[in-house]
Structures are given as C-alpha cells and as structure tokens.
Number of protein chains: 2
Amino acid sequence: MSSNPADLLPQARIRLAALELFGAQGFEKTTIRQIAARAGVSPGLVIHHFGSKNRLREHCDDWVMEFLEQEKTLLTLGPQPGLRDYLAEHPEYEPVIAYLTTGLREGGAIADRIYNRTVTMTASLLDLAEAQGLVHMPQDREATVAFLAASSLGLLMLSEQFARQLGGQQLDDPDVVERYGLVAAEVFTHGLFTPAYLETLQAANTTTPGDGNERPRNPDH
Amino acid sequence: MSSNPADLLPQARIRLAALELFGAQGFEKTTIRQIAARAGVSPGLVIHHFGSKNRLREHCDDWVMEFLEQEKTLLTLGPQPGLRDYLAEHPEYEPVIAYLTTGLREGGAIADRIYNRTVTMTASLLDLAEAQGLVHMPQDREATVAFLAASSLGLLMLSEQFARQLGGQQLDDPDVVERYGLVAAEVFTHGLFTPAYLETLQAANTTTPGDGNERPRNPDH
DNA sequence: GTCTATATAATGATAGAC
DNA sequence: GTCTATCATTATATAGAC
C-alpha cells in the first residue's frame with residue numbers, strides 16, 4: 001500500500017499481490033502462481049516466505065485489521081456524499097475495501113473480526129451522537145448496535161446489486177450516494193411505519209408467539 | 001425436498017445432494033465425488049445426468065427459484081417471532097435457506113436473481129402496508145425498496161455473527177428473534193435520530209458535497 | 001533469498017463395459 | 001441408466017541448485 005509496488009521488498013510485494021487478488025477473486029480462486037506472477041517472483045518464493053497459502057491469508061488478515069486500526073475512518077464510511085472524494089484522495093483504500101467485502105462474503109475468521117470491529121466502531125459513534133442529543137436510543141442498546149452494524153456491512157456485501165438498482169455501478173456513484181443518503185436519513189429519522197404498526201407487533205409479542213399471524217407485521221419487509 | 005430422499009429417483013437425489021452441499025459448503029469446496037456419495041450414486045452418473053458441475057449448479061439455481069415462486073412466504077421471513085415455528089413446521093426449507101445465503105455470499109447469477117426477487121416481494125409488501133395506512137412512504141420509493149431489500153438480505157448473510165452477538169447461534173433463536181424484532185420495530189417506527197440530524201444532512205446535500213464534513217452525519221453509522 | 005524442477009494429491013470430465 | 005476405470009489438468013508444497 002505504500003507508494004510504488006516495485007519499490008517494495010519481495011515479501012511485501014507478495015503480501016500486496018495476495019491482498020489484491022484475494023479481495024478481487026476470493027481465496028479459493030486465487031492461486032499461488034497468480035500471486036507470484038503479480039508480485040514478479042517465483043511461486044516457490046511465496047511458500048518460502050509465508051509457509052503456505054493459508055498462512056499467507058492469515059498475514060493478509062492481520063495486515064488489513066492493523067490497517068483498519070490506524071485508519072479508523074474507513075470503517076465509518078457508508079455510501080454518503082463524501083465517500084467518493086474520500087476514496088479518490090486515498091486510492092490505496094480500494095484493495096482494502098475489496099478485501100473486506102470479499103472476506104465478509106467468504107466467512108471464516110476474518111468475517112468475525114471485521115464484524116466485531118464494526119460493532120465496536122458503531123457503538124462509539126452511537127455514544128458520540130447520543131452525547132450530542134442527536135439520537136433517542138432504543139431500550140436495547142446492544143441489539144441496536146448489532147442491527148446497525150449488520151445493516152451497514154450487509155449493504156456493503158450487496159453493494160453491487162444495490163448500486164445497480166439505483167442506476168449506478170458502484171456504491172460510491174453520485175446517484176447511488178445521493179438517493180441512498182436521503183432515504184436512509186428519512187427512514188432513520190422519521191421511521192417508516194406508523195405507530196399503529198409498532199403497537200400490533202408489541203401486542204403479538206406479549207401474546208402467544210408463533211401462531212403465524214404476526215409474520216406480515218414484521219417491519220423489516 | 002419431497003419426503004424421504006431414498007424414495008427419489010437418482011437424478012432427483014443428485015440434485016438434492018448438490019443443493020444441500022452447495023448451500024452448506026459453497027460451490028467451489030463441493031466436489032462431484034461428495035455429491036455422488038451423498039446421493040448414493042457414482043461420480044460418473046452425476047456427469048451423465050447434468051453434463052458438468054456448472055450445469056448442475058444451474059439446475060439447482062432454477063429449482064430454488066421455482067421453489068421460491070411457489071412458497072412466496074419464504075422470502076418475506078425475517079427474524080420475527082413466527083420464524084422458528086414456521087421453520088419447525090417446514091424442515092425442508094432449511095437447505096433452501098442455506099442455499100440462498102451461500103448463493104448471495106458467493107455472488108454470480110443466483111445472487112442477482114435472489115436480490116431481484118426480494119426487491120419485487122418487498123415492493124408489493126410495502127404497497128400493501130401503504131394501502132392500509134401503516135406506512136408513510138419516503139419520496140424515493142425505489143430507493144426505499146432497495147434499502148429494505150439490501151438490509152434484510154444483508155442481515156441474512158451476516159446472521160451468524162449477528163445472532164452470536166445477541167446471545168444465540170441462529171437467526172431463529174428465541175432471544176435473537178425477540179431482541180431484533182423489538183429494536184427493528186422501534187427504529188422503523190420512531191426512527192433513531194432526532195430531526196436535527198436530518199436537517200444537517202439535507203443542508204450538506206444542498207451545499208457543495210464532498211468537502212468531507214458531512215461524513216460523520218451519515219445516519220447509518 | 002531466489003530460482004527451477006518436481007513430487008504428490010485432488011479435481012472435473014471421459015470411455016466403455018454391463 | 002449406471003457403473004468402474006482412467007485421463008488430463010491443475011493445485012499446493014517440496015527439494016535442491018545457485
């Protein structure tokens with residue numbers, strides 16, 4: 001991620017190449033030969049430095065998580081107006097975002113780490129907003145954080161389909177950013193359903209659950 | 001999916017075995033030999049009936065989408081109280097849900113089909129709710145539908161991490177269902193942020209975007 | 001540290017007997 | 001339709017020269 005890849009030492013070039021390929025193609029579809037070719041070294045050197053393909057993945061995982069610790073802003077970015085310009089100023093973030101997205105999709109250890117990191121970040125941002133009186137916190141704070149974290153990361157995982165429906169191709173396309181930003185703001189400020197909706201749901205929760213009648217009342221659909 | 005797998009014809013057993021394995025392990029990690037073993041046939045017969053591993057996947061895709069057309073309720077299910085009992089009554093849905101989740105994660109053709117189907121379903125449900133006066137629709141209806149569809153499917157893709165944080169293991173665990181249901185109802189009814197939040201965001205959108213200052217105002221984080 | 005050459009294993013797909 | 005046997009390819013990982 002530092003300046004020119006050709007200036008990096010072979011070991012760093014290998015890690016960078018692996019990071020980019022894992023993020024773009026996924027772990028399974030990426031071969032050691034591809035990584036070696038992109039890094040400009042032999043396949044044998046990849047194994048010599050990292051032991052195995054799996055250990056190379058772990059190194060990439062650690063590297064990305066450490067990168068996120070230093071660049072805390074990255075995990076707070078959603079499809080809001082500033083995103084496009086922010087990414088334009090920091091082109092070295094793109095492979096990291098691809099790695100995060102692919103890592104979440106593939107599951108495994110890195111997905112848990114990203115999710116947990118997002119939860120922590122979301123919680124502190126929510127604390128900040130609450131301290132400024134900008135939020136009226138639901139009773140279940142932990143569930144709120146979980147819901148927000150899963151929603152934002154879920155949107156990232158579905159960014160391709162989401163952006164396409166909104167007339168763009170990427171999450172940071174201007175049209176996508178504007179339309180999503182306005183809707184999210186509206187929904188998260190005024191809500192989407194009338195209070196009558198909430199009352200029927202709460203009534204269903206206090207009565208016998210599982211009779212099947214409360215299903216259509218789910219506000220998530 | 002019909003009664004006992006042993007009663008099915010070999011071709012149907014192969015399709016069922018492939019569906020379950022693709023959903024549980026993903027397409028890449030599943031081998032033709034595994035499918036054949038689970039279906040109780042030889043690897044050669046798998047190819048003889050479906051031509052190739054990729055064509056077998058396409059058959060599974062088509063089968064699942066057709067299944068969804070008949071069982072429309074399935075795609076409207078979120079982690080609400082009725083889910084657990086509903087799935088208990090229909091154990092044959094579990095492999096389908098796993099296939100949907102894994103298919104969304106792996107991307108490709110099936111992910112688009114699932115997303116588009118969810119959008120259609122979400123739109124009609126929103127229409128229904130609006131007709132009953134239960135929803136105050138944002139200006140951008142299409143973006144609202146896209147947001148709701150991506151949110152619910154994103155939650156499905158992250159159900160493992162989400163459920164774990166809420167003290168469960170699956171999306172349909174009682175604790176998870178109850179806590180999520182209440183928070184979602186609260187957020188989607190009353191909203192999460194104060195109107196001041198919305199005003200600052202709209203002000204940022206009408207002025208010059210991309211100065212970086214409107215980033216922390218994103219209500220999604 | 002870096003390379004070439006190769007061992008070893010597993011996979012998707014084919015061929016042909018029954 | 002169903003099987004066994006096998007081909008051809010590709011992958012990770014190793015061994016050893018330089």
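Convention: sequence-line order gives letters A, B, ...; per-chain numbering from 1.
Counting only residues at least two apart or in different chains, ring-ring contact (aromatic ring centres under 6.0 Å, His included) contacts with residues 7-28 of chain A comprise A:Phe22-A:Phe27.
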(request) Could you encode protein contacts along nucleotides 3-18 of chain C as a string, one character per nucleotide from 5' to 3', using B for base contact, S for sugar-phosphate-only contact and - for no contact, with a heavy-atom cut-off of under 4.0 Å? (result) BB------BBSB----
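B:Glu20 and B:Tyr99 share no side-chain donor-acceptor pair at under 3.5 Å.
To the nearest angstrom, C1' of C:dT2 lies 17 Å from CD1 of A:Ile35.
Applying side chain to side chain donor-acceptor pair (under 3.5 Å) to B:Tyr115 and the options A:Gln165, A:Arg164, A:Glu160 leaves one that passes, A:Gln165. A side chain to side chain contact (heavy atoms under 4.5 Å, CB included) with B:Arg113 is found for one member of B:Leu68, B:Asp62, B:Val64 and no other, namely B:Asp62.
For A:Glu130, the salt bridge (charged side-chain N to carboxylate O under 4.0 Å, His left out) partners are A:Arg141, not counting sequence neighbours.
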